[in-house]
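Below is one structure, written out as structure tokens, with a few remarks after it.
Protein chains get the first letters and strands the later ones, always in sequence-line order, with residue 1 at the start of each.
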Number of protein chains: 2
Amino acid sequence: MPTRRATIHDVAAAAGVSVATVSKAVNGRYGVAEGTAQRVLAEVERLGYASSLVASSMRARQTGVIGVLVPDFEPFTAEILKGVSAGLAGSPYDVLAYAGVRHHASAGWEKRSLQRLSGTLIDAAIMVTPTVIAPSAEIPIVAVDPHTGHGDLPTVESDSFGGAVEATRYLVELGHRRIGFLAGRPDLRSAKLREAGYRQALTDAGIDFDPRLVEVGRYEPEAAGDAARTLLGGARPTAVFAANDLSALAVLGVAAELGLRVPEDLSVVGFDDIPEASRRLPALTTVRQPMHRLGRIAAELAMALMAGETPAQTSILLPTRLVPRATTAAVPAA
Amino acid sequence: MPTRRATIHDVAAAAGVSVATVSKAVNGRYGVAEGTAQRVLAEVERLGYASSLVASSMRARQTGVIGVLVPDFEPFTAEILKGVSAGLAGSPYDVLAYAGVRHHASAGWEKRSLQRLSGTLIDAAIMVTPTVIAPSAEIPIVAVDPHTGHGDLPTVESDSFGGAVEATRYLVELGHRRIGFLAGRPDLRSAKLREAGYRQALTDAGIDFDPRLVEVGRYEPEAAGDAARTLLGGARPTAVFAANDLSALAVLGVAAELGLRVPEDLSVVGFDDIPEASRRLPALTTVRQPMHRLGRIAAELAMALMAGETPAQTSILLPTRLVPRATTAAVPAA
DNA sequence: CTGTTAGCGCCTTCAC
DNA sequence: GTGAAGGCGCTAACAG
């Protein structure tokens with residue numbers, strides 16, 4: 001029992017032919033005698049040979065692998081990944097997801113990751129929440145929920161502005177007037193749009209914007225917790241709209257610390273609808289972002305691009321939907 | 001603006017040195033003059049160069065990348081992936097997840113995937129729900145929830161037997177006597193253990209095992225639906241324990257088709273606690289498998305193995321826990 | 001300290 | 001129909 005993995009040489013030696021012949025037989029190229037091919041394939045089976053993705057990608061133009069580049073595997077990206085996988089079902093493509101954890105703190109992780117894999121390991125790339133993008137002409141690239149204005153890149157994202165308007169309006173309809181906002185990272189597109197939607201809904205309702213009701217949580221659990229403490233510390237709002245679910249969960253944590261009952265004393269709305277939002281008790285009211293569809297459509301877009309098509313729609317905006325659950329209620333009687 | 005990605009040659013030419021020097025400078029090897037290194041690094045920055053993972057992995061022994069091989073990206077594997085990512089946080093390892101979608105129907109997908117990546121693209125592999133395993137001596141391998149008896153492979157899995165006993169006993173305590181079982185794939189270890197747990201709990205309760213109350217759903221939504229139809233068609237049970245959540249969701253779908261109310265007419269319990277289980281209404285009562293921890297511990301085990309340690313514990317069994325939700329109730333008065 | 005040499009495993013010409 | 005040779009981008013030895 002060989003402990004080393006079989007290479008094309010092993011197969012060639014076992015079948016008594018040259019490596020070139022093995023390569024042709026395996027890839028079904030023209031110019032190999034029927035009998036020879038049979039013999040080679042039998043050895044391939046026996047030795048458990050499969051061409052090294054690494055080696056073949058250095059020579060071959062195509063690998064049949066689509067890359068999904070993410071900053072990290074967390075709830076949001078995991079949902080996208082499931083969608084991509086579903087979109088590729090039945091296609092001849094494998095999926096390779098790469099999280100450049102080592103550098104994802106530094107800006108430009110996506111450029112590094114892309115550069116590392118792009119040497120033809122993958123035939124196309126789907127980048128999730130990229131911040132800066134150098135459109136490489138090498139392979140098709142699709143951006144999902146880009147953090148900056150999507151340059152010329154085909155993009156799939158959901159309606160942050162509309163979702164934020166809907167969430168805020170819902171709180172207004174519940175009678176809330178003092179509605180806090182826990183903002184995301186000021187440099188991110190989605191964060192800015194959600195804040196804009198919040199302000200728009202306030203304006204629509206004739207409520208003056210109060211800067212003291214806005215704190216920045218940067219989409220990070222810890223920073224969000226600090227921001228929430230500030231927000232809930234003084235003359236606190238009766239409701240908080242958080243720019244994403246992770247931040248909303250932080251708000252709930254702080255509320256518990258402070259002995260505030262949710263939703264009796266405080267209503268909370270998030271954004272994304274990550275699995276953790278519905279799993280906890282009370283379940284989080286949030287704006288559902290169709291993460292699964294985001295991934296699926298990105299996969300379809302990538303396949304179209306690879307096929308050389310030029311889709312009319314290369315900038316796709318998917319609708320969001322408010323999912324009322326248990327963390328929101330009418331404003332307590334004053 | 002160069003449209004082609006920069007290679008080490010481009011950097012070398014730009015900096016006026018040889019490719020070897022660039023390689024050394026980039027990798028911080030000993031033996032490069034300070035000034036030269038500075039100049040090279042400046043060019044690296046300017047050209048946006050990053051070494052090709054593909055090319056370097058062909059020469060170098062280590063890549064700093066841990067591979068997670070999954071049959072597909074679905075709820076279970078996505079949770080594992082999040083756990084692995086968490087376990088690797090702060091470590092110097094990147095994560096590469098690979099779904100051999102093209103062949104995951106065929107047995108031995110894991111062998112193929114491993115063979116393809118193992119040419120040193122990854123320093124260690126975590127295989128999720130592998131069926132057959134050829135222990136390669138090349139890199140450390142950890143199995144998560146293996147489908148067959150774990151050979152000599154380091155393994156992390158959860159207590160299928162105990163969880164099944166607990167789930168069934170819970171139904172018994174609710175007064176159910178006619179408890180159906182929707183089985184998984186007969187060839188899989190976890191499936192067998194769950195069935196064994198079901199039967200054990202029946203025996204403990206002094207309830208005779210009735211083969212007519214058992215159908216095989218193979219863990220596939222469609223097959224599970226058919227099995228559920230059979231199960232609920234004739235003299236139906238008052239409760240069904242499904243071998244995993246996907247199957248349980250199929251049971252709920254069929255129950256709805258048949259106009260059965262859950263939990264009033266029928267109680268349903270699943271296994272896994274995938275996000276979809278708690279997201280739906282009524283929320284599914286299920287046995288929670290600590291998927292996140294499964295992944296995290298697998299990552300830690302892999303790192304220990306890579307460090308050359310030989311962990312005392314290489315076969316780890318994590319406890320499961322029943323999560324009562326809204327799909328179970330006391331047996332309806334007859 | 002720096003450049004040259006020799007492959008890693010595979011696929012693609014191009015002779016034979 | 002088959003094999004030998006070259007090279008993808010990179011790094012580890014060894015020379016200079």
Side-chain angles (χ1 to χ4, degrees), chain A residues 2 4-41 44 47-65 114-122 138-139, chain B residues 2 4-40 44 47-65 114-123 138-139:
Chain A
R4 220 182 82 268
R5 66 183 289 275
T7 73
I8 198 170
H9 287 101
D10 302 325
V11 178
V17 295
S18 77
V19 294
T21 304
V22 175
S23 174
K24 285 178 209 160
V26 168
N27 296 301
R29 293 280 179 282
Y30 183 74
V32 182
E34 183 65 19
T36 311
Q38 293 280 319
R39 193 151 35 88
V40 170
L41 262 20
V44 165
L47 296 171
Y49 166 79
S51 73
S52 160
L53 185 58
V54 175
S56 51
S57 80
M58 278 197 69
R59 286 302 282 140
R61 201 141 296 267
Q62 304 208 32
T63 55
V65 178
L114 184 59
Q115 168 80 8
R116 294 206 62 171
L117 300 183
S118 167
T120 71
L121 218 205
I122 54 182
E138 292 206 81
I139 55 173
Chain B
R4 217 181 85 269
R5 67 185 287 276
T7 72
I8 197 171
H9 287 101
D10 302 325
V11 177
V17 296
S18 77
V19 294
T21 304
V22 175
S23 175
K24 284 180 212 161
V26 168
N27 296 301
R29 292 280 179 281
Y30 183 74
V32 182
E34 183 66 17
T36 312
Q38 294 279 319
R39 193 153 34 91
V40 170
V44 165
L47 297 171
Y49 167 78
S51 73
S52 159
L53 184 59
V54 175
S56 50
S57 81
M58 278 197 69
R59 285 305 277 146
R61 200 142 295 268
Q62 303 205 36
T63 56
V65 178
L114 185 59
Q115 168 80 9
R116 271 172 79 73
L117 300 184
S118 167
T120 72
L121 219 205
I122 53 182
D123 292 348
E138 291 204 82
I139 55 175

Worksheet item: Taking only residues two or more places apart in sequence or in another chain, which ones pass salt bridge (charged side-chain N to carboxylate O under 4.0 Å, His left out) with B/Asp10?
Response: B/Arg4

Discussion item. Would A/Ile139 and A/Ile122 count as a side-chain contact (heavy atoms from CB on, under 4.5 Å) here? Give the steps.
Written reply: CA-CA 8 Å; A/Ile139 55 173; A/Ile122 54 182; 4.0 Å; yes

Name the pairs: protein N/O against N/O of nucleotides 13-15 of chain D, kept only if under 3.5 Å.
none

Worksheet entry | Terminal axes of the helix from C/dC1-D/dG16 to C/dC16-D/dG1 (five pairs each): angle between them, nearest 10 degrees | 50°

Item to complete: Kindly point out which of D/dG3, D/dT11, C/dT4 is positioned nearest to the side chain of B/Ser18?
Response: C/dT4

At what distance, to the nearest 0.5 angstrom, does [atom1] of [X] lie from [atom2] of [Y]?
X: B/Leu47; Y: B/Thr7; atom1: CG; atom2: OG1; result: 9.5 Å
X: A/Tyr49; Y: A/Ser52; atom1: OH; atom2: OG; result: 8.0 Å
X: B/Asn27; Y: B/Ser51; atom1: CG; atom2: OG; result: 6.5 Å

Worksheet item: B/Val44 and B/Val26: side-chain contact (heavy atoms from CB on, under 4.5 Å), yes or no, with the steps?
Response: CA-CA 8 Å; B/Val44 165; B/Val26 168; 4.0 Å; yes

Discussion item. With a 4.0 Å limit, can you tell me whether A/Arg29 has a side-chain N or O closer than that to the phosphate oxygens OP1/OP2 of C/dC11?
Written reply: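 No, outside the criterion.
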
Worksheet item: Expressed in angstrom and rounded to an integer, what is the separation of B/Leu117 atom CG from C/dC10 atom P?
Response: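 Between P of C/dC10 and CG of B/Leu117: 13 Å.
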
Practice prompt. Mind checking side-chain hydrogen bond (donor to acceptor under 3.5 Å, both in side chains) for A/Thr63 and listing every partner two or more places apart, or none if nothing turns up?
Written response: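 Applying side-chain hydrogen bond (donor to acceptor under 3.5 Å, both in side chains) to A/Thr63 gives A/Asp123.
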
Worksheet item: So, the side chain of B/Ser57 versus the backbone of B/Leu53: is there a donor-acceptor pair under 3.5 Å, distance only?
Response: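 It does hold such a pair.
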
Please tabulate, one pair per line, all N/O donor-acceptor pairs under 3.5 Å involving side-chain atoms of residues 13-23 of chain A, not counting sequence neighbours.
{"residue": "A/Ser18", "atom": "OG", "partner": "A/Ala20", "partner atom": "N", "Å": "3.4"}
{"residue": "A/Ser18", "atom": "OG", "partner": "A/Thr21", "partner atom": "N", "Å": "3.4"}
{"residue": "A/Ser18", "atom": "OG", "partner": "A/Thr21", "partner atom": "OG1", "Å": "3.3"}

Sort me out a list of protein N/O and nucleotides 7-10 of chain D N/O pairs below 3.5 Å, or just none if empty.
{"residue": "D/dG7", "atom": "N2", "partner": "A/Arg59", "partner atom": "NE", "Å": "2.6"}
{"residue": "D/dG9", "atom": "N2", "partner": "B/Ala55", "partner atom": "O", "Å": "3.4"}
{"residue": "D/dC10", "atom": "OP1", "partner": "B/Tyr49", "partner atom": "OH", "Å": "2.9"}
{"residue": "D/dC10", "atom": "OP1", "partner": "B/Ser52", "partner atom": "N", "Å": "3.4"}
{"residue": "D/dC10", "atom": "OP2", "partner": "B/Ile8", "partner atom": "N", "Å": "2.4"}

